[in-house]
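Here the structure comes first, spelled out in structure tokens, and everything after it is commentary.
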Amino acid sequence: MFNTRRQFLKAASAGGIGLLTPLGFSGIANAAESASRFKNPLGIPPLETGSFINGKRVINLSLGYGSSTFLGDRPTATAGINGDYLGPVIRVQQGDDVVLKVTNRLSEPSTLHWHGLNLPAAMDGGPHQAISPGETWDAAFKILQRACTQWYHSHMYHRTGIQVYYGLAGLFYIDDEHSNGLGLPSTYGVDDIPLVLQDRSFNQDGSLRYLSSMHDRMMGMMGQVMLVNGTAFTNFKVQKRLTRLRILNGSNARIYNLEFGDQREFLQIATDGGLLERPVLLRNIVLAPGERAEILIEFTPGDDVMLRHRPLGPAAATMGMMGNMMAANDRPFSIMRFDAAQSSSTLQQAPTQLIAPRSWSLNEAKRTRRFELNMQMGMGMMRGGGFGINGKPMDMNRIDQRVPLGDIEIWEIINRSPMAHPFHIHDTQFRIIDRNGRAPGAGEQGLKDTVLVYPREKVRIITQFENYADAKTPYMFHCHILEHEDAGMMGQFVVVA
Ligand code: C2O
Ligand code: CU
Ligand code: CU
């Protein structure tokens, strides 16, 4: 058993395992499927606030192997942080000096990257901060950002996809006094609920199935079963009428267009980088891998409603031939169930005003950089996809961009490939200026660190790289479809004083 666990990461990438169906479900649960199947209580990750040692908040994190039972009777070999699958919700305060002590108890090197955080490059946990088996790496930095929902995950060079797939990821909350005073639902696990959305595929024996086809490598790994916080077919028993959901798309490649089964309205209150200026009323929200959103949803006692994915339709139609292929495969499916039979009857009011998120004006920008996302079809596909940015695949020894500390910059991201790519920048939060010249929707008019760029789209963002410079240690920018990142759709930049 021990030996199997030690070897599973390697074994799982070997691929070539046949298609499965008779697991008790033949694919992702479709929308018509009866809600009664969704009865597993939602797992709520433990909170990890660390302990204060000499004025610093010290948090111990240990990467290790685990065993999980997603499918009832069949155990699945997984990996986790301080547990069997995924990690705790790390919770810190703005202004804290934190020390994250990361110990690698796996049999292969790994890293933990703090996605969305403004921090020194050497503390970023990217491919240059690999932790050897048995070693401990200390990430020490000050929390400068305002309240937001960030996350952390493995960023091992060429191994990010598989390590995250097995479970090396978790949420990272930052609190501040202003947001604590807004009257938002904020009792963790009661009316302030984390939702880590992931899709996974399994072999007959219950083991995870990763990259078994060329399709998985090109389009990114998409699973057949939805997990929420590591629970399949889950049902959350709603306790309060006004509930806050902090949603992370923690999937390797799947893009969700989320809506409730009865298409009820909800309020988006936060984007990747924190609270919006005011709540935005929506019926659906698109989240690409790496993106987060916080929403407020109102339940009536007795409600029983599914959260589901609705095919993107019009957006996919712009994707040409491959778009049509993808659209044909993009069926509606259920993600989880909210059962409000036992919820309390008093309704808390949602605030109407939140914060003023940071913004920059176009005429402050010192320069524009261009990033063209490359994915070669046809012969390039046979040779491994030709994944790159500006014509080059990722190279650990090449610095692609040098950004002067404090400069305001426009980054232009161009997608001429046939599929959508979520573009992510380390160290900073940005604002989206426009998509093909059009202002983004209200739900994207906040701070972002990841933006979905559709085929034939040019997205312009504006940002400022602040607080930390290090000419020798790079940060990454990349596609957050992890198989694309691993295949080379990533580049490096340094911030220079
Ligand atoms: Cu979510 Cu380079 O990371
Ligand atoms: Cu990141
Ligand atoms: Cu991509």
Side-chain angles (χ1 to χ4, degrees), residues 87 110-119 121 123-130 139 145 148-161 163-165 168-172 196 198 216-222 248-255 272-273 287-292 319 322 326 371-377 381 384-389 393-394 396 413-430 447-455 457 459 463 465 474-493:
S110 189
T111 76
L112 278 189
H113 162 61
W114 323 106
H115 178 130
L117 274 84
N118 175 216
L119 37 55
M123 302 300 159
D124 191 39
H128 291 273
Q129 288 88 42
Q145 285 155 280
C148 50
T149 300
Q150 312 294 5
W151 67 302
Y152 60 97
H153 59 79
S154 158
H155 215 302
M156 190 62 209
Y157 195 42
H158 294 319
R159 303 282 291 167
T160 298
Q163 292 191 356
V164 171
Y165 194 77
L168 298 182
L171 285 163
F172 193 121
V196 179
Q198 300 179 308
D216 292 347
R217 287 172 204 278
M218 289 309 295
M219 313 304 284
M221 180 66 206
M222 303 218 205
L248 162 68
N249 182 345
S251 304
N252 281 35
R254 191 178 286 278
I255 298 164
D272 301 337
L287 281 187
E291 289 186 301
R292 288 85 69 209
M319 295 182 197
M322 174 140 317
M326 288 167 71
F371 299 84
E372 192 178 319
L373 308 177
N374 316 116
M375 174 185 183
Q376 237 180 287
M377 303 309 290
M381 199 162 162
F387 286 102
I389 296 176
M394 164 76 178
M396 293 269 282
I413 308 126
I414 298 153
N415 182 5
R416 293 206 182 89
S417 86
M419 66 179 284
H421 303 276
F423 187 80
H424 167 54
I425 309 174
H426 285 211
D427 183 47
T428 198
Q429 294 288 332
F430 53 76
L447 290 169
K448 299 279 298 161
D449 57 53
T450 305
V451 59
L452 185 60
V453 187
Y454 291 97
E457 204 173 34
V459 173
T463 190
F465 295 87
Y475 299 101
M476 307 294 130
F477 53 85
H478 58 90
C479 173
H480 221 289
I481 293 176
L482 301 181
E483 289 67 37
H484 292 179
E485 172 190 330
D486 281 343
M489 199 181 268
M490 177 156 69
Q492 310 195 95
F493 70 99

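Note that ligands are numbered from 1 as they come in the structure, with each ligand's atoms numbered from 1 the same way.
- Without hydrogens or angle criteria, Gln198 side chain to Gly250 main chain gives a donor-acceptor distance under 3.5 Å.
- Within the 4.5 Å cutoff, the side chain of Ile425 has heavy atoms near those of the Phe493 side chain.
- The Cu ion (ligand 2) has His113 among its coordinating residues (N/O/S atom, backbone or side chain, under 2.8 Å).
- Distances from atom 2 (Cu) of ligand 1 show that His480 has no N/O/S atom below 2.8 Å.
- For the 3.5 Å distance criterion, the side chains of His158 and Asp486 fail to qualify, holding no donor opposite an acceptor.
- Distances from the Cu ion (ligand 3) to each N, O or S atom of His484 single out ND1 as the nearest.
- If you put the vertex on atom 2 (Cu) of ligand 1, NE2 of His478 and NE2 of His426 sit 110° apart, to the nearest 10°.
- Using a 4.0 Å cut-off between a side-chain N of Lys or Arg and a carboxylate O of Asp or Glu, Asp449 and Arg292 qualify as a salt bridge.
- Residue His421 approaches the Cu ion (ligand 3) most closely through its N/O/S atom ND1.
- The Cu ion (ligand 2) does not have His155 among its coordinating residues (no N/O/S atom, backbone or side chain, under 2.8 Å).
- If you check the side chains of His424 and Glu291, you find no donor sitting under 3.5 Å from an acceptor.
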